[in-house]
Amino acid sequence: MAIKSNLDAVNDALRTAMKKDDRVVVLGEDVGALGGVFRATAGLQKEFGEKRVFDTPLAEAGIVGTAIGMAMYGLKPVAEIQFMGFIFPALNQLFAHAARLRNRSRGRFNVPLVIRTPWGAGAGALEHHMESTEALLTQIPGLKVVAPSTPYDMKGMLLAAIEDPDPVIFLEHMRIYRAVKGEVPEGHYTVPLGKSEVVREGKDITLIGWGYMRHLAMHIADLLAEKGIDAEVLDLKTLAPLDSKTILASAMKTGRDIILHEAPRTCGLGAEIAAICSECGLLSLKAPVERVTGYDITMPLRMSEKLNIPDEARVLEAVDRVMNF
Amino acid sequence: MAIKSNLDAVNDALRTAMKKDDRVVVLGEDVGALGGVFRATAGLQKEFGEKRVFDTPLAEAGIVGTAIGMAMYGLKPVAEIQFMGFIFPALNQLFAHAARLRNRSRGRFNVPLVIRTPWGAGAGALEHHMESTEALLTQIPGLKVVAPSTPYDMKGMLLAAIEDPDPVIFLEHMRIYRAVKGEVPEGHYTVPLGKSEVVREGKDITLIGWGYMRHLAMHIADLLAEKGIDAEVLDLKTLAPLDSKTILASAMKTGRDIILHEAPRTCGLGAEIAAICSECGLLSLKAPVERVTGYDITMPLRMSEKLNIPDEARVLEAVDRVMNF
Amino acid sequence: MILGKYDPLKGEKFCMIDENGIAKEVASLPDAEKLKALYCDMVKIRAMDDKAFSLQRQGRLGTYGQLKGSEAVQVGAAHAMEKDDWLVPSYRENGLMHLRGVPLSSIYLYWAGNELGAKFPEGSKILPFSIPVGSQMLHAVGLGMAANIRGDKAAIVTCFGDGATSEGEFHEAMNFAGVFNSPTVFLCTNNQFAISFRSTKQTKTPTIAQKALSYGFEGIVVDGMDAVAMYQTVSEALAKARMGGGPTFIEAVTFRLCDHTTSDDASIYQDPKEVAMWQARDPVVRLKKYLTSANLWKQEDEEKLTTDVKKAIDEAVAVLGSANKPTPEDLFGFTYAVQPQLDWQLRDLKGVIERKSHGN
Amino acid sequence: MILGKYDPLKGEKFCMIDENGIAKEVASLPDAEKLKALYCDMVKIRAMDDKAFSLQRQGRLGTYGQLKGSEAVQVGAAHAMEKDDWLVPSYRENGLMHLRGVPLSSIYLYWAGNELGAKFPEGSKILPFSIPVGSQMLHAVGLGMAANIRGDKAAIVTCFGDGATSEGEFHEAMNFAGVFNSPTVFLCTNNQFAISFRSTKQTKTPTIAQKALSYGFEGIVVDGMDAVAMYQTVSEALAKARMGGGPTFIEAVTFRLCDHTTSDDASIYQDPKEVAMWQARDPVVRLKKYLTSANLWKQEDEEKLTTDVKKAIDEAVAVLGSANKPTPEDLFGFTYAVQPQLDWQLRDLKGVIERKSHGN
Ligand SMILES: Cc1ncc(C[n+]2csc(CCOP(=O)(O)OP(=O)(O)O)c2C)c(N)n1
Ligand SMILES: Cc1ncc(C[n+]2csc(CCOP(=O)(O)OP(=O)(O)O)c2C)c(N)n1
Ligand SMILES: [Mg+2]
Ligand SMILES: [Mg+2]
C-alpha cells in the first residue's frame with residue numbers, strides 16, 4: 001500500500017470519487033487551477049475539466065447555498081470552505097437549509113453535500129485561520145460532522161461522506177495535513193460515518209481526541225505506558241451524530257476519562273461527551289471526567305497559540321489528577 | 001410598584017436607558033413606526049425621534065455590523081433581531097468582530113452593543129420562529145448571553161446589558177412575553193449580569209432552567225412539594241459567562257440535578273452544566289445529572305411543537321428517575 | 001421582445017392592460033383562452049387565500065401570510081412556466097405553488113402547522129418554501145448551475161420580496177447567477193412593504209430592477225397588477241433561460257392589499273388613501289373589466305367559476321378537517337436518511353405519550 | 001471635480017500621470033511638495049513591505065501579505081485623509097496604516113504573531129485590520145451612521161479588495177451606506193486577483209465601480225498605479241463625505257505584483273507576460289519619472305530618502321527583536337472588560353507554564 005499524507009489522501013479520495021461517479025463536482029475558492037491553498041484539489045481541474053472542478057466568487061454563503069441547489073438537482077457537490085474560521089457567512093445556509101430540507105420536504109429532497117474545510121491550530125497561521133468551531137455545527141440536527149485524523153480514515157471517510165445522502169461537514173486538521181502519513185489503499189473503499197474507534201486498547205484510563213488531538217493522545221499513551229499506566233485511546237472520528245455506544249463502552253471500562261480538544265472549553269464538544277459519560281456511567285466513574293481544552297479566550301496569534309492548545313504537560317497533569325482522585 | 005408583563009418591562013427598560021443616556025440608540029427591522037413585531041419598542045420613535053430609533057433594511061449582518069461600528073464610535077446601540085432563528089446571517093459579525101474587537105485592538109476599542117431577540121417555542125409560530133440556539137452563542141468567548149424570565153429581571157438586566165462595555169445577546173422568551181407579569185420598579189435600576197439565582201430553596205433536588213423553563217421548573221416544584229419533595233429552582237439568568245459557583249453550590253447541596261432546556265439535547269447548554277456538575281461535584285452527586293431537553297430534531301411545526309419541548313410529564317418522569325436512582 | 005425594451009434606469013415599466021382594463025396593443029395579447037385562464041386562476045387563488053385568512057381567524061390555521069395584491073404576479077408566472085421548470089418560492093407564493101401542482105389541502109395543512117402538508121406530490125419540481133428571507137435564491141441559482149454542468153436544458157423561477165433584496169445572500173445569488181450564467185428568473189414581488197418598512201427606504205435606488213446591472217444581466221420593471229404583462233415577461237425570461245441566455249431579474253410592482261401576516265396590523269403603518277388608490281388597480285378586477293369589455297366573459301361564466309372554486313376549496317377544507325396529526329415518527333423520520341442514534345429519543349417521546357394517554 | 005466626470009458604464013477611468021510618467025494636465029497637479037511627499041511615502045512603504053517579506057523568509061514573521069503594486073492607492077489615500085478621518089482597513093493596508101500613524105514596529109510585531117503589535121497608538125482612529133474578507137466595511141458604515149446621528153462631521157475610508165465585493169456583507173454595507181447617507185469612502189483595490197481567482201471572473205460586470213449604481217451613489221474607476229489620481233479622487237470623496245454628500249465608491253485598478261501572501265506561489269496562476277506588462281506601470285517608478293523629468297527630484301534626494309527609510313526600518317526591526325512575548329495576562333486580559341469567571345483558567349495556564357519552567 002502507498003504511504004500518503006492526510007493531504008494526499010484527501011486528493012486521492014476526491015479523484016477516486018470523481019472517477020466513480022460523474023455527479024461528483026468540486027467547487028470553492030481557488031480549488032481549480034491553483035488546486036486549493038493547501039493543494040488538496042491539485043490536478044483535479046486538469047483531469048476532470050472546468051465543469052466539474054471550478055473556482056467560485058469569494059462568497060461562502062454563495063458556495064454553500066448554490067451547492068445545496070446542485071445537491072437537490074442530483075449532483076454530489078464537494079465544496080471547500082478555505083478555512084473553518086470562514087464558515088460563518090455560510091451558517092445560515094447550513095442551519096436553515098442544508099440541515100432541514102429533507103425534513104421540510106418530508107424526504108422528497110435530500111442534500112447530499114460535503115463541505116470540506118481545514119481546521120485546527122498549531123500551524124502558525126493568521127488570526128481566524130486556526131479555529132476549532134466544531135461544536136457550533138454538532139448541535140445542529142440534520143448535519144453530520146466528521147474529523148478523521150489518519151490518511152486511511154481521511155480517504156475512506158471522505159468517500160463515505162460523498163456517498164452519504166445527507167450533508168456532511170468534513171474537517172481536515174491543518175497541523176496534520178502533511179505531518180501525518182500512513183498507508184492508504186488504492187482505489188475505492190469507505191470507512192463508515194457515525195463510528196468512533198478505539199485505536200489503542202488500555203484498561204486504566206481513556207483519552208478521547210479527534211484530529212490532531214488523537215495523535216497527541218497516542219503520544220501521551222506511550223509516555224504513560226512507560227510509567228505503567230495502560231491508556232486507551234479513542235479516536236472520535238465522527239463528531240455528529242455521536243457514537244455514544246463506543247464512547248460509553250470505553251468510558252465505563254476504564255472509569256477514567258480525559259477529553260482533549262482545541263476549541264474553547266465552554267460548550268465545546270467535550271461538554272457533551274462528559275455529560276454523556278456521567279449520565280450513563282456515573283457509577284463506573286472512578287474520577288470526574290476531565291476536559292483538557294482551549295481556554296475560553298479568542299485564539300491567540302501565532303506566537304502564543306500553543307499556550308492555548310492542550311499539550312503534553314497539560315494532559316499529563318490531568319492524568320495525574322484523574323489517576324490520583 | 002407597577003405590575004408589568006415581560007414585554008412591557010423591555011419597553012420600560014429601553015425608555016429608561018434612552019432617557020438616561022443619549023448615546024443609546026435602537027435599531028432593527030420594524031422597530032420604528034410599528035414598534036417591533038411584538039411592540040417591544042412601541043412609542044420609542046415618537047418619543048426619541050427617528051435619529052435614535054430607526055428601522056433598517058432587511059439584513060441581519062448589516063444591522064449587527066453597522067451597530068458594531070456605532071458602538072466603536074461611542075454610541076450604545078440596542079439592535080433587535082426579529083427572531084432568534086434569523087440571527088444566523090449575523091453570526092460572522094458576532095463571532096469575528098463583536099466578540100473580538102476588544103482583544104484585537106488590545107482594549108483600544110470595545111463594543112458596547114446589545115442584541116435583543118425573541119426566542120423559544122410554545123407560541124405556535126412558523127418554522128424558524130421558535131428556535132433556541134443559545135448554545136451556539138455561549139461558546140463564543142467575548143460574548144455575553146443573558147435570558148431573564150421575569151419582568152423585574154427583564155428590565156434590570158436589559159439596563160445592565162446596555163451599560164455593559166461588552167457585547168450582550170439579550171434573549172426574550174416569546175412564550176412569556178405577555179403570559180408572565182410581575183412587579184417592576186419605576187425608573188432606573190440594574191440586575192447584574194453574570195449571576196444565576198436560586199429562586200426557590202429546597203434540599204432534595206435542583207431544577208435548573210432559563211426563560212420559560214424557569215417557570216415550568218417553579219410549577220414542577222409546586223407539584224413536588226405536594227409529594228413531599230423539596231425542590232430547589234435555579235434560574236440561570238446569565239447563560240454566558242456561566243455562574244459556575246452558584247450552579248455548583250446548588251448542585252452539590254441537593255446532589256440531584258435536572259437541567260431543562262428547549263434547545264436540542266446534543267451540545268445544548270445543558271451539556272456544559274452537566275459536565276461542570278459532574279466534574280466538580282462528582283462525589284456529592286446522588287444520581288446522574290439529568291437533562292430534559294428538546295430532541296435532536298428540527299423543531300416541529302406548530303401542531304407538534306409541544307411534543308418537542310420539555311413538559312410536566314417529561315420532567316416528572318426525570319424527577320422520578322433521579323429520586324429513585 | 002419585452003426584455004431590453006424597458007430601461008429601469010429611465011423609469012420605464014412594462015404594462016399590457018392598464019388599471020382601467022384597457023389593453024394597450026390588443027394585437028399583442030395572448031389568445032382568449034389564455035386570458036380567461038389567467039383570470040380564472042386569479043379568482044381561484046384569491047378565494048383560497050381569503051379562505052386561509054378566515055380559517056386562521058377560526059383558529060384552524062396558525063399565522064398565515066396572505067398574497068392579496070400579488071395574484072397577477074403568481075398567476076402570470078404559473079402560466080409562463082412549463083412542465084419541467086423549477087420553482088423556488090418564498091412563503092408568500094401559496095397561489096403559485098398551488099397552480100404548479102401543490103394541492104390546496106397541503107397548503108392549508110402546512111399553515112395549520114401539520115408537517116404532512118409539507119409533502120408535495122412526488123416528482124414535482126417545487127422546493128419547499130423558504131421562511132428565512134433572501135436565502136432561497138441561492139438554491140435556484142445552484143439548480144441552474146447543476147443543469148449547466150450536466151448540459152441539461154432547464155429554467156428556474158425563484159420568488160422573493162422587495163425586502164429580500166437587502167440580504168447579503170440575495171447579492172451572492174445574483175452574482176453567482178451572472179458569473180455562471182444560471183438559467184434563473186429572479187421574480188421579485190415588490191409589494192412595497194417588508195412588514196412595515198417601505199420599499200422606497202429599503203434601498204436608495206428608484207427601482208429594484210436596476211440592481212441587475214450590477215450583475216451583468218437584464219432587469220425589468222413590470223406592472224405587477226397586470227397578469228398579462230407578468231405572463232408575457234416571465235415567459236420571455238424563461239425562454240431565454242432555456243436557450244442558454246442566462247438569468248433575468250423581474251421587478252413586479254404591486255401593493256400589499258392585506259396585512260403582512262395574520263399577526264400583523266397594517267393599519268398602524270399603511271395610509272388608507274394610498275391603499276384605496278392601489279385597490280382601484282386590483283389585478284383581478286382589471287382583467288375582468290377587459291374580458292367583459294371584449295365580450296369574452298359573461299355572467300354565467302362567472303357563476304360557474306364561483307361554483308368550481310368553492311368546490312375545490314371545500315374539498316381542501318374537508319381534508320384539513322380529517323387529516324391525521326403528525327406522529328412522533330413523522331417528527332423524527334426526516335432528520336437524516338438513517339440515524340440509529342436518534343432511536344432512543346424517539347422511544348422516549350413515544351413512551352411519554354403513551355404513559356400520558358394512560359393517565360399516569 | 002473628478003467624481004461624476006468619469007462614467008464607469010462607459011469604461012472611463014481617471015488618470016493624471018500615465019505609465020510613462022507623463023502628466024495629462026500639469027496645471028491640475030498638486031504642488032511639488034505634495035508630489036515629492038507622495039513619492040517618498042511610496043518608496044518607504046515599498047521598502048517596509050520588502051523588509052517584511054525578507055523577515056518572513058528568515059522565519060521572524062509568520063505568513064505576510066505584501067502590498068506590492070498598491071503603493072499608489074495607499075499613499076494617495078493616506079495623503080487625502082485628514083487628522084480626524086477614520087480608517088477601516090483590510091490585512092493588505094499595512095502601508096496606509098503606517099502612514100496614518102501605526103508604528104512600523106507594531107506592524108512587524110503583529111505579523112510576527114505577537115499580540116503586542118495590535119496595540120495601535122491610543123486615540124488613533126484606525127480600526128484593527130480585518131482578515132475575514134468583506135466583513136469590515138459594515139463597521140465603516142456604522143461609524144458614519146453614528147456620526148450622522150450625533151450631528152458630527154466625519155469621514156471614513158474603508159479598504160478592501162476585488163474579491164471582497166462578492167461577499168454578502170459588502171452588499172449590505174453598500175446598501176446601508178446609501179440608505180443612511182453614511183460619509184464613507186469605499187476604497188476597493190482591484191489588484192485583479194483574489195488569491196488565484198481573476199477579478200474578471202469574480203463578477204460579470206466589466207467594472208466593479210458600476211456596482212455603486214445599485215446603491216444610489218457614485219462610483220468611479222481610477223488608475224490605481226497613479227498616486228496623484230488616487231490622492232485627488234480620495235480627497236474629493238472625503239470632502240464630499242464631510243460635507244454631508246454621503247458615500248462614494250472608488251475602484252482603484254492595479255495589479256498584484258507579488259504573491260497573495262508568503263504562503264502562496266503566484267507563478268502557478270499568473271502569466272509572466274502580463275506581470276511584465278504591469279511591472280512596466282510600476283507606481284513608484286512612474287512618479288519618479290515625472291518628478292525627474294520635471295526637475296523636482298535629484299540623485300541626492302534619492303540618496304537621502306534611501307538613508308532615512310533604511311533607518312526607520314532598522315529601528316522597527318530592532319524593536320521587533322527586543323520585544324517581549326505576550327504573557328498569559330495578555331492573552332486573557334481583553335476577552336471582556338472584567339471577567340472573573342476566567343480567573344481559574346488564567347491561573348491554570350500560569351501554573352502549567354511555571355511548572356514547565358521548573359522542569360516538572
Ligand atoms: C432572514 C430573515 N429576517 C427576518 C425575517 C422576518 N420577516 C419575515 S417576512 C419579513 C419581511 C419580508 O419582506 P419582503 O421581502 O418584501 O417580502 P413580503 O413579506 O413583502 O412578501 C421579515 C422581516 C425573516 N423571515 N427572515
Ligand atoms: C470570509 C473569508 N473567506 C475567505 C478568506 C481567505 N482569503 C484570504 S484573502 C482572500 C482573497 C481576497 O481577495 P481580495 O478581496 O481581492 O483582496 P486581496 O487579497 O487581493 O487584497 C481569500 C479568499 C478570508 N480571509 N475571508
Ligand atoms: Mg414586500
Ligand atoms: Mg484582490
Worksheet, complete the sentence: CG (A:Leu207) and CD (A:Glu290) are apart, to the nearest 0.5 Å, by 11.5 Å
Worksheet item: Considering only heavy atoms, which portion of B:Glu60 lies under 4.5 Å from any heavy atom of chain A: side chain, backbone, both, or neither?
Response: neither
Worksheet item: Checking salt bridge (charged side-chain N to carboxylate O under 4.0 Å, His left out) for the pair B:Arg291/A:Glu272: CA distance, chi angles, key distance, verdict?
Response: CA-CA 11 Å; B:Arg291 292 180 280 164; A:Glu272 180 62 36; 2.9 Å; yes
Practice prompt. Check each atom of A:Phe325 against the heavy atoms of chain B and say whether the ones under 4.5 Å are side chain, backbone, both or neither.
Written response: side chain
Worksheet item: Does B:Thr293 offer a backbone N or O that forms a donor-acceptor pair with the side chain of B:Arg314 under 3.5 Å?
Response: yes
Discussion item. Out of B:Ala274, B:Ala135, B:Pro264, return the one with the most heavy atom pairs under 4.5 angstrom to chain A.
Written reply: B:Ala135
Worksheet item: Can you pull out the residues in residues 87-105 of chain A with any heavy atom less than 4.5 Å from chain B?
Response: A:Phe88, A:Pro89, A:Leu91, A:Asn92, A:Phe95, A:Ala96, A:Ala99, A:Arg100, A:Asn103, A:Arg104
Worksheet item: Does a donor on one side chain sit under 3.5 Å from an acceptor on the other, for B:Thr246 and B:Ser196?
Response: no
Discussion item. Heavy-atom cut-off 4.5 Å, strictly under: side chain, backbone, both or neither for A:Leu137 against chain B?
Written reply: neither
Discussion item. Please check if the number of heavy atoms outside A:Lys286 that lie under 6.0 Å from its NZ is greater than 12.
Written reply: yes
Worksheet item: Contact part of A:Leu136 toward chain B, heavy-atom cut-off under 4.5 Å: side chain, backbone, both or neither?
Response: both
Worksheet entry | Rounded distance [0.5 Å steps], OG1 in A:Thr133 versus CE in A:Met84 | 3.5 Å
Worksheet item: Among A:Ile273, A:Thr298, A:Thr138, which has the most heavy-atom pairs under 4.5 Å with chain B?
Response: A:Thr298
Worksheet item: Within the distance-only criterion (no hydrogens, no angle test), does the side chain of A:His128 pair as donor or acceptor with the backbone N or O of A:Gly85 below 3.5 angstrom?
Response: no
Worksheet item: Ignoring hydrogens and geometry, is there a side-chain-to-backbone donor-acceptor pair from A:Thr206 to A:Ser250 under 3.5 Å?
Response: yes
Discussion item. Can a side-chain donor-acceptor contact be found between A:His173 and A:Glu262 if the only test is distance below 3.5 angstrom?
Written reply: yes
Worksheet item: Looking at B:Gly268, B:Cys280, B:Cys267, which makes the most heavy-atom pairs under 4.5 Å with chain A?
Response: B:Cys267
